[in-house]
Each structure stands twice: as structure tokens, then as C-alpha cells.
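For reference, the structure is listed below as C-alpha cells.
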2 protein chains.
Amino acid sequence: MAGQTIQPRPDRIASLHSDRPQAGSRCQGLLWSTLEEICRLLCIESVSLASDRMLFQHVQFRSGQRILSHGDAFDTLYIVNSGFLKTALIDDFGNEKVLGFPMKGDMLGMDGIHIGHHTSETLAMSECDLILLPFTRLNSLSRTTPDIEHLMYRMMSRELALRQAMIGMLGTLSAEARVARFLVALSDRFAEMGYSARTFNLRMKRQEIGSYLGLTTETVSRTISAFHDLGCITVQQRTITILDAEALKALRRLPSSPAHQALRRSSTGLAPKPSARR
Amino acid sequence: MAGQTIQPRPDRIASLHSDRPQAGSRCQGLLWSTLEEICRLLCIESVSLASDRMLFQHVQFRSGQRILSHGDAFDTLYIVNSGFLKTALIDDFGNEKVLGFPMKGDMLGMDGIHIGHHTSETLAMSECDLILLPFTRLNSLSRTTPDIEHLMYRMMSRELALRQAMIGMLGTLSAEARVARFLVALSDRFAEMGYSARTFNLRMKRQEIGSYLGLTTETVSRTISAFHDLGCITVQQRTITILDAEALKALRRLPSSPAHQALRRSSTGLAPKPSARR
DNA sequence: CGTGAATTTGAAACAAATCAATTGGTGTGG
DNA sequence: CCACACCAATTGATTTGTTTCAAATTCACG
């Protein structure tokens, strides 16, 4: 399953569609979307013309339902039209490691392509409306509409870059910095969706945040409390209000991996490199 | 740039080609490869028939040369035919975070597709021979040979899954476990390439390993020494000999994120769930 | 062989995990 | 409607793994 980080996709910045209704038009009690709607949802420039004839069906899930499980055969991709989900890996001992919290505009299932089955779990954390993209249909469509192919490359590449950023974060940032970035990214993401960037509701438990960020529940809780005391944010159970986004963004790593190089040469008389710092 | 972990790709397991020479045939002083050769290199079932006519050119790089830089326009993908490389992210302060050590059979550059330029650095750590896959050519070829499209999906999906695994590792494993896995994965990878799985040469510095694994140079060094003292491995500078691969693989996490759930219910009389452990 | 880089090793400092206990919220049943 | 059980979140005390700082050693190379 896909493991989106929460970070807003670069493509997406400044493309607000606060007032736009959810994609999909009703027909025989079911929702369907055109390719164009899908591109808009994904924040990718609209693919070729005259594709209104291609309709993709929606499915709904209720809060708590499992959408994909480890081992499920891969045959279709999903696009989140509305709702909040969670993707996770289950390790050998049954512990879950959260990979991401997909929401509107995210694509699910891409990691199942290469071996033909999914390797992670996805479940709905709220009522969800997803658009189905049967993979074989996608393939046959891309013969007549080559742009679809490019759309897919872009989606997968975007996902790749997102995970790359996540790896960078897990490998180098302190707990404080991780939580700060998480909150800012969530805020940005909510803004994109037309909600308030300032006040929002965490859909997930502290434990899930911890798992996602590679921290324990307690550390997440403590860090959030610290931000609160610091005046950057306000917390009431799962309601967060961001008071000073800049301060949060500025939170860089306290630790750092290769940060010895800053002041090593003092005998040579050379000034320390302007690069490394902490 | 691609950020392969070192882990052997699932597709690739048990497909040894120790005795196979490097791909590519010489022509006018240059090396060229067919699609079939490329598929073999990537460990993907050979794509369609009669594609021998499509030839892809190779390029050579010498040790230390930069292959891709942050900001470079994206226009071609690369496949490693031989040699050892390194991909890394450079943060705002100029610190480098190693993303992977691509080697034979890995594809480079996939993360550049979606925004049209590369976001990471790739450089050669040894003499390297790479196969060029101009992206526009790939696109036009896939019109006549639809299998190419699927090949690309698989490659990208594989990369996605690899990074997913990396995220899982960075988020949950102890330093010891990370280094252990790193060594085992390297060993497996060398075996795939026909080298000894038992004794091999680390191409990278301790610092680079540390950056890759989210640890400091000192921790990597200490951990390797500990394995040595423990009798799992033998170390002489950059030459590693694996004595007890099983012991290394068995090294699980000492820390763990959500591992409190094991023995919580004692009042209910229910046995603890069989799943969670540490 | 000497010089600088890479690696190793030790001791101290520190961030985050662990253990443990409390609080707050939610739902259920008496 | 209150009491109780259950879960999530918070907070504190303590431990531990890893980083940091510092110094010694080995290796690579001109």
C-alpha cells in the first residue's frame, strides 16, 4: 500500500480548491469520475482532451474498515476522494509501523505492482470515498491515451520522492523536529483541502503518530506539550491550533549525523566551512 | 535520483548469474545493450519478442565523478551495468544524507520524473558502466512495445517497496540491528553479482554507512567491532568476512515503538496476545 | 617516511525509551 | 444518573543507547 508522508506534494502548493466540491457525479446511485476530475484531484495538469467518456467508479468505506491487507492480490489502484486513512506495515511480531496517513488526492496501492500483491495494510480512519483505477483497464486505456502512462510515472515518482524525504527525516531529525514538521505538514495539507491551516483535528492517536515518526507515544505527547508550553501551539485532546508556524518550521535537528566537520580545522587557520552547523 | 537500499530485490532472489559477463556489446568503440539484456540485468522477465533492434547506449564514469546533481534537468534514466555508486541528499546546511548505494541492476533517476529535475546527487565510487534510457525514447518505444510500460511500473514499484522497507528499518531498529542488516544485505547483493557472499570489500566509508543508516561514524565503527568481538564477522579495514550470517539476521530490535501491549491484560485473566513481543 | 584522512577507542553528556502511575474522556450496565 | 471499566493521553522518575567530544592509532598516498 502507499505510504504517503504527510508533506504537501510540491506540485500542489498554492493550488487551493477550497470551494470545490468533492469529485464525482452520481449515476444510478453510484459515484463516477472522469479522468479530468482525477487529474484535478491528483494535482496533475489535465491529461489529454476528450477523455470525458472514461468513467471510473467510486467505492465507499466506513471508519475502521480495512481496504487492503498484506498479501492481497494487486489488481487496482485507488485515489482518495475524501476521508482519512492509514497505511501500515506489520512486522514479524505483529507490531504495526505506520507508513502514512493518506488523504484527499493521494494514490494507494502502487507498491503492489511489482510482485503482484500488497505488502502493507490500509484502513479507513473515517468515512472514505475512493476512486477505483483497475490496473488492467489503466493499461489498456494508456494504449489509446498515452498521457495516462505519463500520469502514472509522475504519481509513482512523486511517491518515491516523498518517501525519500521521509527517510531523510527519520535519519537525521530530532524528535522535536519530527513532530514539528509533522504538524506543519498536516496544517499545509488541511489548507490544501480547504480546511483551516490554523486549527485542525488530529485524526490519529498519539501512538500512531509515534509509530509514523519513529518515536514512542510518550515522546510524542511530551513534545506536543512542550510546544504548547512554548507557545507555538495550543492543544486540547486532538485539537491543535498552530500559533507560530514559523517557529515550528525553524525547528531543525538538535542531533545530527555528520556534523563534526564544522570546527575541526583550527590549526590551519582556515575558517570553518560555512556549510555544516547544528 | 534513485535511493536503493542495499537489500536484494525480492524478484532477484535465487537468480544468480555469477558467470554471466557484463551486458553490452561493443560497436564502433561504444557499448550498446538490447532490451532483453536490460531486462536480464534488472531481473525482470524478458519483455516482448523481437526487440533486439532497440539498442541502448552505455556511458562510462570514473571513480569520483558526479553523475547527477541536485537541480539537473531530468531527461534520462540510467541502469547500472557495473560499478558502485552512491546517491545522497544535501540538506540546507550542506550536510549529506546518503540514500543508497546503487550497484549492478539498479535503476537511477526515477525520482526526477515528476518535477522534471533531480533532487539528489549521484556519484561514482568506482569505475562505472551505465546504460542510458532516454525518457522520451522510452515513451515513444512504449507505443510500439507496450511491455515497456509495465517494466517501468515494476521498476518504480520495486523502488517504492525498497524505500518503504528502509523507512520501517529507520523507524524501528536499533543501531546493532541496522548495521547487521546492512552487512547481510550487502553480502546477499554481492552473491547475486557473483562475488563471494562471505568475504567482501566495503566500498564506502564508515561515515557514509552511518549517514545511510541514520547513525554516527563512531556508532558504526563500534558496532562493527562488537560484531567482530562477538565472532559473527571478521574485519580488517574495509574487508568484511561474515562468519555467522544467521546470528546477524537474528539481531532484531532492542528498542521498539509500540511494544507495551504485550503484558497489559492481567486483570481480565486473558492470556497476553500471541502477537506482540520484543 | 611524513602528512592528512579514516578508523578506532574511551569517557562524559544527553535524548529518548522504558517503567510506572495519574488523569481525563467515553461508553456500558446496574 | 452514577459507578465502573476501558482506552488514550499526560506526567514523572529512571535507565539506556547513542551521540558528542577528545585523543590515539592505523591506513593511504605522494
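Letters go in sequence order (proteins before strands), and every chain restarts at 1.
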Short heteroatom pairs, N/O only, protein and nucleotides 28-30 of chain D, under 3.5 Å:
from    : atom 1 : to        : atom 2 : distance (Å)
dA28(D) : OP1    : Gln237(B) : OE1    : 3.4

Could you go over nucleotides 9-13 of chain C and give all protein N or O partners under 3.5 Å, atom names and distances?
from    : atom 1 : to        : atom 2 : distance (Å)
dT9(C)  : OP2    : Ser225(B) : OG     : 2.8
dG10(C) : N7     : Arg222(B) : NH1    : 2.9
dG10(C) : O6     : Arg222(B) : NH2    : 3.3

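The side-chain hydrogen bond (donor to acceptor under 3.5 Å, both in side chains) search around Thr241(A) returns Thr199(A), not counting sequence neighbours. With sequence neighbours left out, the salt bridge (Lys or Arg N to Asp or Glu O under 4.0 Å) criterion links Arg66(A) to Glu121(A). Every residue meeting the side chain to side chain contact (heavy atoms under 4.5 Å, CB included) condition with Asp188(B), not counting sequence neighbours, appears here in chain and number order: Pro8(B), Val184(B). Annotation: side-chain hydrogen bond (donor to acceptor under 3.5 Å, both in side chains) contacts of Asp72(A) (sequence neighbours excluded): none. Residues passing the side-chain hydrogen bond (donor to acceptor under 3.5 Å, both in side chains) test with Thr239(B) are Asn201(B), sequence neighbours excluded. Residues passing the side-chain hydrogen bond (donor to acceptor under 3.5 Å, both in side chains) test with Thr219(B) are Thr216(B), sequence neighbours excluded. Residues passing the side chain to side chain contact (heavy atoms under 4.5 Å, CB included) test with Glu127(B) are Arg62(B), sequence neighbours excluded.
Counting to the nearest Å, the P atom of dT7(C) and the CE atom of Met204(B) are 11 Å from each other. Note: CG (Leu251(B)) to C1' (dG17(D)) measures 14 Å, nearest angstrom. If you measure from atom CZ of Arg206(A) to atom P of dT23(C), you get 19 Å, rounded to the nearest angstrom. Atom P of nucleotide dC27(D) and atom CG of Leu202(B) are separated by 15 Å, given to the nearest angstrom. The interatomic distance linking Gln207(B) (CD) with dA6(C) (C1') rounds to 9 Å, in whole Å. The separation between Ile240(B) atom CD1 and dT7(C) atom P is 11 Å, rounded to whole Å. In this entry the distance linking CG of Leu215(A) with P of dA9(D) reads 15 Å, nearest Å. As rounded to whole Å, 11 Å separates atom C1' of dA6(C) from atom CD of Glu208(B).
Note on ring orientation: taking the six-membered ring where Trp is involved, the planes of Phe61(B) and Tyr78(B) are perpendicular (angle over 60°, cut-offs 30° and 60°). Between Phe101(A) and Phe182(A), the ring planes lie perpendicular to each other; the angle is over 60°, past the 30° to 60° tilted range.
Of the candidates dA6(C), dA9(D), dT19(D), the closest approach to any side-chain atom of Thr216(B) belongs to dT19(D).
Residue pairs meeting the salt bridge (Lys or Arg N to Asp or Glu O under 4.0 Å) criterion with at least one member in residues 206-217 of chain B, sequence neighbours excluded, are Lys86(B)-Glu208(B). Screening residues 224-249 of chain A for salt bridge (Lys or Arg N to Asp or Glu O under 4.0 Å) gives Glu246(A)-Lys249(A) as the qualifying pairs, with residues at least two apart or on separate chains.
Rounded to 10 degrees, the angle separating the terminal helix axes of the helix from dC1(C)-dG30(D) to dG30(C)-dC1(D), each built from five base pairs, is 30°.
A residue-by-residue look at Ile224(B) and Val220(A) shows that Ile224(B) has its nearest nucleotide of DNA chain C further toward the 5' end.
Residue-level contact check: Arg238(A) touches the backbone only, with heavy atoms under 4.0 Å from sugar-phosphate atoms and none from bases.
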